[in-house]
Visitor: 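Handing you a structure now.
Below, read A as the first sequence line, B as the second, and so on, with proteins coming before strands; counting in each chain starts at 1. Basis for what follows: all heavy atoms, side chains included, without hydrogens, waters or symmetry-related copies.
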There are 2 protein chains.
Amino acid sequence: MVRSRATLPQVAERAGVSLSSASRALHGNGASAAMVGRVRAVAEELGYHPDATGRSLRMRRTFQIAFAVADIGNPVYVEMMTAIQQVVSDRGYRLLLATTGETPRDTAALVRGLVAGSVDGLVISPLRLDDELVEALAGAGKPVVVIGRPLADDRLDSVSTDSAGGIGQAVDHVVGLGRRRIGFLNGPLDTTPGEARQRGFDAAVGRSGPGVETVDTEVADDFTVTAGLVAARALLARHTAAPLDAVVAANDLLAICAVKAAREAGLRVPDDVAVTGMDDTELGRVFQPSLTSVDLGAAARGRAAAELLLGRLDDPAHERGAVVVAPRLVVRESTLGAHAPSAPPDRRPSTGEERP
Amino acid sequence: MVRSRATLPQVAERAGVSLSSASRALHGNGASAAMVGRVRAVAEELGYHPDATGRSLRMRRTFQIAFAVADIGNPVYVEMMTAIQQVVSDRGYRLLLATTGETPRDTAALVRGLVAGSVDGLVISPLRLDDELVEALAGAGKPVVVIGRPLADDRLDSVSTDSAGGIGQAVDHVVGLGRRRIGFLNGPLDTTPGEARQRGFDAAVGRSGPGVETVDTEVADDFTVTAGLVAARALLARHTAAPLDAVVAANDLLAICAVKAAREAGLRVPDDVAVTGMDDTELGRVFQPSLTSVDLGAAARGRAAAELLLGRLDDPAHERGAVVVAPRLVVRESTLGAHAPSAPPDRRPSTGEERP
DNA sequence: GTTTCCGCTGGAAACGTTTCCGGGCAGCCG
DNA sequence: CGGCTGCCCGGAAACGTTTCCAGCGGAAAC
C-alpha cells in the first residue's frame with residue numbers, strides 16, 4: 001500500500017493495451033466498450049488516479065482557482081470564501097487561498113506570481129484598488145474576477161454591491177425612527193468600501209435635510225475590532241453634552257464596537273443610541289442586542305464571482321460580466337429593541353440581479 | 001503584454017546559452033557569475049517566471065499543502081487556517097482549502113483524491129476520526145498532520161489539545177464561584193471534540209463531589225448556532241423549578257446560544273446563570289457579556305501543524321511528532337460580571353509544549 | 001468483388017522544467 | 001611541459017499526461 005502511485009503506462013501494460021488507448025478509455029471518447037471495460041478494471045485494481053501535475057502540464061490547465069483577500073479574519077470574506085469553495089468544488093476545481101499584501105503594489109506582485117502557472121483564474125477582493133492594480137490584473141493573462149466595485153476595464157469581470165446605497169438605507173432607517181444626532185463610524189477612506197460608504201453616508205444625510213441636527217464621522221484605522229473600539233470611543237466622547245442618538249457603522253465589526261463603547265459611556269442600545277452595522281454577518285445576528293445590518297450578500301457575491309470565473313474559463317471569449325448585488329436592510333434589536341423580530345438565524349435569500 | 005508567458009527555452013535562446021545553463025543560472029548553483037548575470041537580465045527583460053506545473057512535474061513537488069476541515073464557518077477553523085497560511089506562505093508554499101465530507105468515508109475519498117498529485121502534504125482536522133480514516137491517512141503516501149487527538153499510529157504526526165482538561169477548568173471555575181446546578185451544552189458525542197469534552201465534564205463533576213446538586217447534559221445536533229439554540233432552550237427548559245445556575249458549553253458558539261436562551265427565559269448572565277465557552281474566539285471576546293472561555297490555542301495548533309508538516313517535507317524520515325497545546329481558562333464577564341476585566345482584545349500567548 | 005469510408009488502435013510528440021552526464025578548458029602541481 | 005583535477009557548459013533524458021496522426025481492419029456501398 002505504501003508503494004508509490006500507479007501511473008498510466010503501468011495500467012496500460014497490465015491491461016495489455018497501448019498508453020494512448022488507456023488514456024482514451026479513462027477520459028476520452030474514441031474507445032470501444034471492451035477497451036473501456038478492460039482498462040477501467042485494471043485502473044480500479046491498481047488504484048490508479050491520474051496525476052494532477054502531469055495532466056496540468058499537458059492540458060495547460062490546473063483546475064485550481066485562487067481567492068485572494070486582504071483579511072481572512074473578517075467574517076465577510078469567510079462567507080465569500082465558503083460560497084466560492086462550494087461552487088468551484090462542485091465543478092471539479094480546487095480552491096487556493098491567498099492573502100493580498102497591504103499595498104496595491106504587493107498585491108500586484110502576488111498576482112503575477114500566483115497566476116504564473118499555479119491557477120487557471122483568480123477571484124480577488126482587494127481593499128485598495130487603484131489603476132495600477134487594475135492594469136496588473138487585466139494583463140495577468142488569466143481570467144480575473146474582481147469583487148469590489150464596478151470596473152471600466154472591459155478585460156475584467158466584476159462583482160459588486162451598492163454599499164453606498166446600503167449606508168443610505170441605514171441612515172434613512174434611523175432618521176425614520178426620529179434620530180437626529182447621527183454618528184458615522186467608518187473605516188479608512190482610501191479603501192474601496194471606505195470610500196463608497198462615506199459617499200453613501202454624506203449623500204444620505206444631505207438629502208435628509210435640516211431635520212438632522214448633528215452629523216459626525218470618525219474613521220477607524222482599519223475594519224477590525226481593535227481599531228474600531230478606539231474610534232468608537234472617540235466618536236462618542238466628542239458628544240457628551242448632546243449625545244449621539246444613532247451610530248451608523250460601516251461594518252458589523254465596527255457596529256459591535258459602537259455598542260460596546262456606548263455601553264461603557266452609560267448609554268443604552270437602542271433606547272439612547274441606535275446602532276446599525278453592515279454585512280449582516282452571523283456575528284451580528286447572534287450579538288446582544290442583535291444588530292440591525294445591511295445585507296450586502298457576501299455569499300451571493302462569492303457565488304456570482306465563482307460562476308463568472310468558471311464561465312469565463314469555459315469560454316474565454318465570453319462577454320464581460322458585471323454582476324451587482326442589491327443591498328438589503330435587515331432590522332433587528334440594535335435599532336428597534338424588543339419590538340424587533342427575535343431574529344431566528346434565518347438564511348437570507350440575498351438575490352443578485354445581473355446586468356450585462 | 002498579452003502574449004503568453006515566456007518559457008525557459010526562450011530565455012536561454014535570447015541569452016545565447018543552453019537551456020540547462022539558463023536553469024542553473026536561475027535556481028541552481030553551478031553557474032559562473034557572468035552566466036548568472038546574463039540570464040538574470042534576460043529573464044527580467046522578458047518577465048520570466050518559472051511555470052509551476054512544469055516544475056512540479058519534474059521535481060515531484062507541488063509546493064502546495066492542503067488544509068481540510070469540516071466546517072470552515074466555525075471561527076476556530078478560520079483561526080487555524082490563518083495561522084497555517086502564514087507559516088506555509090512564508091516558506092514558499094501555497095495553501096489549498098478543502099472541506100471534508102460528513103462521514104469518515106467521504107473524508108477518506110477526498111484525501112485520496114487530494115493527495116493524488118495536487119499537494120505535497122495535508123493538515124486535516126476531522127470532526128470524526130475512526131480507525132478506517134486513520135488507516136487511509138497513514139497510507140496516503142504523503143505526509144499528513146492530524147489536528148484532533150493524539151494518535152497511536154506512528155506514521156502520522158498529530159497536534160492536539162487537552163480539551164477534556166479544559167472543560168475541567170471551566171467546571172472547577174463555576175464550582176469555585178459557588179454554582180451548584182450545572183448544565184453541559186455539548187456537541188455530538190460521536191465527534192472527537194464532543195467525546196473528549198463529555199469525558200472531561202463527567203470527570204470534573206465526579207471529582208467535585210456532593211457539593212454539586214444537579215448535573216444535566218444536552219447534546220446539540222452539531223456545533224453551530226442553529227442547532228445550539230434549540231439545544232440550549234431544551235436544556236434550560238428542563239429546570240424551571242430550580243433553574244441551572246451555570247452552563248458549561250463545549251464551544252463559544254454554543255455558549256452564545258446558552259446566553260441567548262437564558263435571556264429568553266428571563267435569567268440574567270452571570271447573576272442567575274454563569275456561562276462558559278470554549279475556544280476563546282474573537283466572537284466570544286466581543287460578545288455581550290464577554291465570554292469566559294477556555295483557550296485551546298487554535299492559532300498555536302495551526303502553526304504547530306504547519307511547522308510539523310513542513311518539517312516532515314524537508315526530512316521525510318523525521319521522527320513522529322505529537323504536539324500538545326495546553327488549555328487555559330480566560331475569565332470574563334459571562335461568569336464574573338462587572339468584576340471581570342473589561343477584556344481588551346489582547347492577543348493571548350497560547351504556548352504549546354512539545355513532547356516527542 | 002472491389003472500393004470507400006469509418007471506427008478503433010498504437011506510436012509518438014508535446015507541455016516546461018530540473019538534473020544527470022560527458023566533454024572542454026583552464027589552472028595547478030609535478 | 002605534460003598530466004591531472006576541478007569548474008562550467010551543452011546535450012539529453014525524464015517527470016505523467018493528452019492528443020495528433022497514421023495505419024489497419026471490417027463493414028457498407030456499388
Visitor: Do A:Arg58 and D:dT18 have a side chain to base donor-acceptor pair shorter than 3.5 Å?
Guide: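 Donor-acceptor pair under 3.5 Å: yes.
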Visitor: Quick one: A:Met59 CE to D:dT17 P, roughly how many Å, whole number?
Guide: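 Value for this atom pair: 13 Å.
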Visitor: Tell me, do A:Leu133 and A:Pro126 make a side-chain contact under 4.5 Å, heavy atoms counted?
Guide: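 The answer is yes; the side chains approach within 4.5 Å.
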Visitor: Pairing check on D:dC30: which nucleotide meets the Watson-Crick or G-U wobble criteria with it, both distances under 3.5 Å?
Guide: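 C:dG1 is the nucleotide pairing with D:dC30.
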Visitor: Please determine if a side-chain N or O atom of A:Ser32 lies less than 4.0 Å away from the OP1 or OP2 oxygen of C:dT9.
Guide: yes
Visitor: For B:Ala43 and B:Leu26, which heavy atoms make the closest approach, and how far apart are they?
Guide: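 Minimum heavy-atom contact is CB-CD2, 4.2 Å.
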Visitor: Taking atom P of C:dC15 as reference, at what distance in whole Å does atom CZ of B:Arg55 sit?
Guide: 19 Å
Visitor: Over all strands shown, is B:Ser20 touching base, sugar-phosphate only, or nothing at heavy-atom distances under 4.0 angstrom?
Guide: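 Since a base atom lies under 4.0 Å of B:Ser20, the category is base.
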Visitor: Going from CG on A:Leu97 to CD1 on A:Ile72, what distance comes out if it is rounded to the nearest 0.5 angstrom?
Guide: 5.0 Å
Visitor: Should we say atom NE2 of A:His318 is surrounded by more than 12 heavy atoms from elsewhere, each under 6.0 Å from it?
Guide: no
Visitor: As a test of reading the structure: which of C:dT17, D:dG16, D:dT18 is closest to the side chain of B:Pro9, going by heavy atoms?
Guide: C:dT17
Visitor: Roughly, in whole Å, what's the span from CG in A:Asp51 to C1' in D:dT17?
Guide: 8 Å
Visitor: How do B:Gly54 and B:Gly30 order along DNA chain D: which one's closest nucleotide is nearer the 5' end?
Guide: B:Gly30
Visitor: Between the side chains of B:Arg91 and B:Glu307, is the shortest nitrogen-to-carboxylate-oxygen separation below 4.0 Å, so that they form an ion pair?
Guide: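 The answer is yes: the pair qualifies as a salt bridge.
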Visitor: With DNA chain C as reference, determine whether B:Ala52 or B:Arg24 sits nearer its 5' end, using the nearest nucleotide of each.
Guide: B:Ala52
Visitor: Can you tell me how far P of C:dA14 sits from CZ of A:Arg60, to the nearest Å?
Guide: 13 Å
Visitor: Rounded to the Å, how far apart are A:Leu19 CG and C:dA14 P?
Guide: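 For the pair A:Leu19 CG and C:dA14 P, the rounded distance is 16 Å.
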Visitor: A:Ser23 near the nucleic acid: base, sugar-phosphate alone, or nothing, with a heavy-atom cut-off under 4.0 Å?
Guide: base
Visitor: It should be established whether A:Ser18 places a side-chain nitrogen or oxygen under 4.0 Å from OP1 or OP2 of nucleotide C:dG10.
Guide: yes
Visitor: Whole Å only: how far is the CZ atom of A:Arg61 from the P atom of C:dA14?
Guide: 23 Å
Visitor: Just the rounded figure in Å: distance from C1' of C:dG16 to CG of B:Leu26.
Guide: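 In whole Å, C:dG16 C1' and B:Leu26 CG are 13 Å from each other.
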Visitor: How long is the line joining CG of B:Leu8 and P of D:dA12, in whole Å?
Guide: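 Rounding to the nearest Å, CG of B:Leu8 and P of D:dA12 are 17 Å apart.
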